[in-house]
Amino acid sequence: MNLEEFNIIIFITGIIIGCVVTLAFKSYKARNNKQAHSSSSVITMKSLQQELDSKQVIIDNFFSDSNEHLMAVEKRLADLRNCLADNASQSSNVKIESSSIISNAQTPDTSPVTEPPRDYALKNDKQPGMLSENFGLDDRHTDLEPKRTI
């Protein structure tokens, strides 16, 4: 084996080893990038969930505070109406109803109104109505439909 053949064998072996090392290094780097990306996406999902939760708490607090303010305003308005009604009855002949009478008059009647179902189908006296169990089921329409057999 002469020196030239030995150099060629060393050169080819070096190229093969270099390619294998390069491929191994690239796969190792790609694996690390995937792990870092998956952990960052998990962190991102957790942070998004925490942000959504905090915004939901802010929204809930806004609506509960708004409801409390509205109730306080309604109570103050009822107190003002009662005070106005008392002072009007003491200082003039004008009669103003107090808020308790008005609030009772404004509340809708809670008794349920029940009616029998209405039958709106156009019909003669002997034809069944829309609420009948056999409404729309005529024997004459079955002849028009083709028979389906296998």
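- The nearest pair of heavy atoms linking G18 to T22 is O-OG1, 2.7 Å.
- With sequence neighbours excluded, no residue forms a salt bridge (Lys or Arg N to Asp or Glu O under 4.0 Å) with E4.
- Atom OG1 of T44 sits about 11.0 Å away from atom NZ of K46, to the nearest 0.5 Å.
- Summarising the geometry, atom CD1 belonging to I15 is positioned 12.0 Å from atom CD1 belonging to I10; distances are rounded to the nearest 0.5 Å.
- Transitive grouping of hydrophobic side chains (ILVMFWY, heavy atoms separated by less than 4.5 Å) brings I16 and I8 into a common cluster.
- Taking OG from S66 and CE from M71, the interatomic distance works out to 13.0 Å, rounded to the nearest 0.5 Å.
- Pairs of residues two or more places apart, or lying in two chains, that qualify as salt bridge (charged side-chain N to carboxylate O under 4.0 Å, His left out) and include a residue from residues 51-61 are E51-K55.
- One distance of note links OG of S54 with CD of Q49; it measures 10.0 Å at 0.5 Å rounding.
- Grouping Ile, Leu, Val, Met, Phe, Trp and Tyr residues whose side-chain heavy atoms lie under 4.5 Å apart, directly or via other members, places I17 in a hydrophobic cluster with V21.
- Rounding to the nearest 0.5 angstrom, the gap separating the CG atom in N82 from the CG atom in N87 is 11.0 Å.
- Following chains of ILVMFWY side-chain contacts shorter than 4.5 Å, one can reach I59 starting from F62, so the two form part of one hydrophobic cluster.
- In this structure a side-chain-to-backbone donor-acceptor pair under 3.5 Å is present from N61 to V57.
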